[in-house]
Structure formats: C-alpha cells, structure tokens
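I have placed the structure first, in the form of structure tokens, so that the comments after it can refer back to it.
No experiment lies behind these values; they were computed from the predicted model shown. Counting from 1, the numbers follow the sequence of the chain as shown.
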Amino acid sequence: MLTTPPLAPSVLRTLHSLGIRSRSDLRRTGAATAFLLLKAAGLTITRSTLWQLAAAEAGISAHQLSAPDKAALLHTLKHHPPAALPPPPDQAARLMAAALDKARQATAENEVPVGALIVRDGQILAAAHNACAAQNSVAAHAEILALTAAGQSLGTPRLDGCDAYITLEPCPMCASALMQARIKRVIFAAAEPKSGAAGSVCNLFADTRLNAHTAVFGGIMAEESRTLLQAFFRRRR
C-alpha cells in the first residue's frame, strides 16, 4: 500500500479517491499521469511529489532516483497528453443518455445516428445530431453543429471549461474542431475503428504538437451506441 510518509496526507487521500491505493495501482497509472491527475484535482504540488510518486512506483526511496531518471520523468511530463478527472459516473450516464436521444432523432431523419452535446458544469448548452444528408454537407457532423450552437449561445468560439458528450468517437475533422474550441473533456460512447481520431486510428488529442487541451474518456454507454449504428446500417443494406 502507498503510505504517508513519504507521500503527504493530502496526496495520499487524493490518490485513494482516484482508485490509486497500491504500488500496482500506481504502476498501471504511471507516476507522470498520477502527478497530472493530482494537479487536476486541485492540489498544489511540486516536482518533489513527482519524484516521490516515481520512487513509490519503483519501490525505492526518492533519493535513489538518478538525475537521468528525473530528466526522463520531466520529458514524459512535457509530452504527456492532457489529463483531467473523469466526470462523475451518474452525470456521465445522464448526459450520454441525452446524446443518445439525439442520435435516435438522427435515425428518424435517415441520418447516421450520432448525437453530441456541449456541457458546462453539468448543464447542456447545445445538442445536435448528424445532418449531412439534410444539409448536403460533409461538415454537418453532430460535433460541429453542437460546437457552433454553443459558440453562438455564449458569444464566443472558445468553449473553455466545457465538455463534449458524443455517441461515437470523433473523426479527425471533429477532433480538430473540438481542440480548436478548447473543449476540456471529450466523453464518447462507441469507438470508431475506421476513422476514430481519439485512439482507434490515431489520437490527435494526445499529439502535443497540436497544442492539445482536451482530455478524452471513451466507452461510456458504448453498447447502446453500437446497437443504434448497427441497426441503422443493417436497414440501409
């Protein structure tokens, strides 16, 4: 089990709240990721905490870390994808259910069943579904339409602090738009093995060359989304 000392009590409490209680938990998460999650949780921490986490992961004391070890940790931290705490499970389920309702609406209009929400502080700012056929536009994906509606509602294209709930992993076009809008978290349901840009084909959100700001969480109500998509394409065939 992780202990205090060497970890500060506040660090240990927060790690426990994140489900990181043992060395094996820490190894699965990684010291750099755990450090970023602690910062995302609001803790004011310094590099010494990073050294302590890395030492705990390795089963050694912090003073045994070498200068190259520390340099490697800092390099990992610099190139780490954005990290954020996941939304509360009940909130994630409620909002993804609302996005799925938009996807069902798309099905009724003979559009590919994908729905998207833009959310701030748990409240829906905008909701949309695919409308490529209706608008004769390849750009009329649910994410683009929801981002546009939210930007118009707030009077700004920058949606800092907002989350996007999407029933299907975003494609490269939509992933780029979500990052340009400074969306804080993308929560999606089903993976898209043919064009997914959040880990399936590529992961634009993890490419720090793109000045990424967005953390990604997938698999929320994935089966419900897959069922909608499979039924739609089965009818089309």
Self-check item: Atom CG of Asp90: over 12 foreign heavy atoms under 6.0 Å
Solution: yes
Quiz prompt | Derivation of the side-chain contact (heavy atoms from CB on, under 4.5 Å) call for Ile187 and Ile166 | solution = CA-CA 6 Å; Ile187 301 98; Ile166 311 161; over 6 Å; no
Self-check item: Counterpart residues, ring pair (Phe, Tyr, Trp, His ring centres under 6.0 Å), relative to His213 (two or more places apart)
Solution: none
Practice problem: For residues Leu147 and Ile183, determine if any side-chain heavy atom of one lies less than 4.5 Å from a side-chain heavy atom of the other. | Solution: yes
Quiz prompt | Pairs where residues 137-159 contributes a residue and the test side-chain hydrogen bond (donor to acceptor under 3.5 Å, both in side chains) is met, not counting sequence neighbours | solution = none
Quiz prompt | Enclosure of Arg47 CZ (heavy-atom neighbours >12, cutoff 6.0 Å) | solution = no
Practice problem: Please list, chain by chain and in numerical order, all residues satisfying side chain to side chain donor-acceptor pair (under 3.5 Å) with Arg104, sequence neighbours excluded. | Solution: Asp101
Quiz prompt | ring pair (Phe, Tyr, Trp, His ring centres under 6.0 Å): pairs with one or both residues in residues 70-125, sequence neighbours excluded | solution = His75-His79
Quiz prompt | From Arg28 atom CZ to Ile20 atom CD1, the distance as rounded to the nearest 0.5 Å | solution = 9.5 Å
Quiz item: Is there side-chain contact between Met179 and Leu204, with heavy atoms separated by less than 4.5 Å?
Solution: yes
Self-check item: NZ on Lys102 to OG1 on Thr107, rounded to 0.5 Å
Solution: 12.0 Å
Quiz item: Taking side chain as C-beta onward, heavy atoms only, is Cys132 less than 4.5 Å from Val138?
Solution: no
Self-check item: side chain to side chain donor-acceptor pair (under 3.5 Å) partners of Arg23, counting only residues at least two apart
Solution: none
Quiz item: How would you list, by chain and number, every residue that makes a side chain to side chain donor-acceptor pair (under 3.5 Å) with Gln64, sequence neighbours excluded?
Solution: Ser61
Self-check item: With sequence neighbours excluded, residues passing side chain to side chain donor-acceptor pair (under 3.5 Å) with Ser17
Solution: none
Quiz item: Going by atom types only, do Glu192 and Ser200 share a side-chain donor-acceptor pair under 3.5 Å?
Solution: no
Quiz item: Rounded to the nearest 0.5 Å, what separation is found between the CG atom of Leu2 and the CD atom of Gln52?
Solution: 11.5 Å
Exercise. Name all pairs fulfilling the ring pair (Phe, Tyr, Trp, His ring centres under 6.0 Å) condition that reach into residues 15-57, sequence neighbours left out, sorted by first residue then second.
Key: none
Exercise. Hey, could you give me each pair passing ring pair (Phe, Tyr, Trp, His ring centres under 6.0 Å) that has a residue in residues 183-209? Not counting sequence neighbours.
Key: none
Self-check item: Atom pair CD (Gln105) and NE2 (His129), whose distance is rounded to the nearest 0.5 Å
Solution: 4.0 Å
Exercise. With the side chain counted from C-beta on, respond yes when Leu53 and Leu38 share a heavy-atom pair under 4.5 Å apart, and no when they do not.
Key: yes
Quiz item: Quick one: are Lys39 and Ile45 in side-chain contact, heavy atoms under 4.5 Å?
Solution: yes
Quiz item: With Leu95, which of Ile220, Leu100, Val119 fulfils side chain to side chain contact (heavy atoms under 4.5 Å, CB included)?
Solution: Val119
Quiz prompt | Close side-chain approach of Pro87 to Arg185, heavy-atom, < 4.5 Å | solution = yes
Quiz item: Can you check whether Ala134's main-chain N or O pairs, donor with acceptor, with Glu111's side chain at less than 3.5 Å?
Solution: yes
Exercise. With sequence neighbours excluded, give me every salt bridge (Lys or Arg N to Asp or Glu O under 4.0 Å) pair touching residues 193-215.
Key: Asp207-Arg209
Self-check item: Note, Tyr165 side chain near Gln91 side chain (heavy atom, < 4.5 Å)
Solution: yes
Self-check item: Minimum side-chain heavy-atom gap Leu74-Leu50 below 4.5 Å
Solution: yes
Quiz item: Between the main-chain N or O of Gly199 and the side-chain N or O of Glu169, is there a donor-acceptor pair closer than 3.5 Å?
Solution: yes
Quiz item: Using a side-chain heavy atom cutoff under 4.5 Å and only I, L, V, M, F, W and Y, what cluster partners does Ile144 have?
Solution: Met173
Quiz item: With hydrophobic residues grouped by side-chain heavy-atom distances under 4.5 Å, do Leu159 and Leu210 end up in a single group?
Solution: yes
Quiz item: For Asp25 and Leu18, what are the C-alpha separation, side-chain angles and deciding distance, and is it a side-chain contact (heavy atoms from CB on, under 4.5 Å)?
Solution: CA-CA 10 Å; Asp25 294 334; Leu18 297 170; over 6 Å; no
Quiz item: If you look only at pairs with a residue in residues 215-227, which of them pass as a side-chain hydrogen bond (donor to acceptor under 3.5 Å, both in side chains), with sequence neighbours excluded?
Solution: Glu223-Arg226
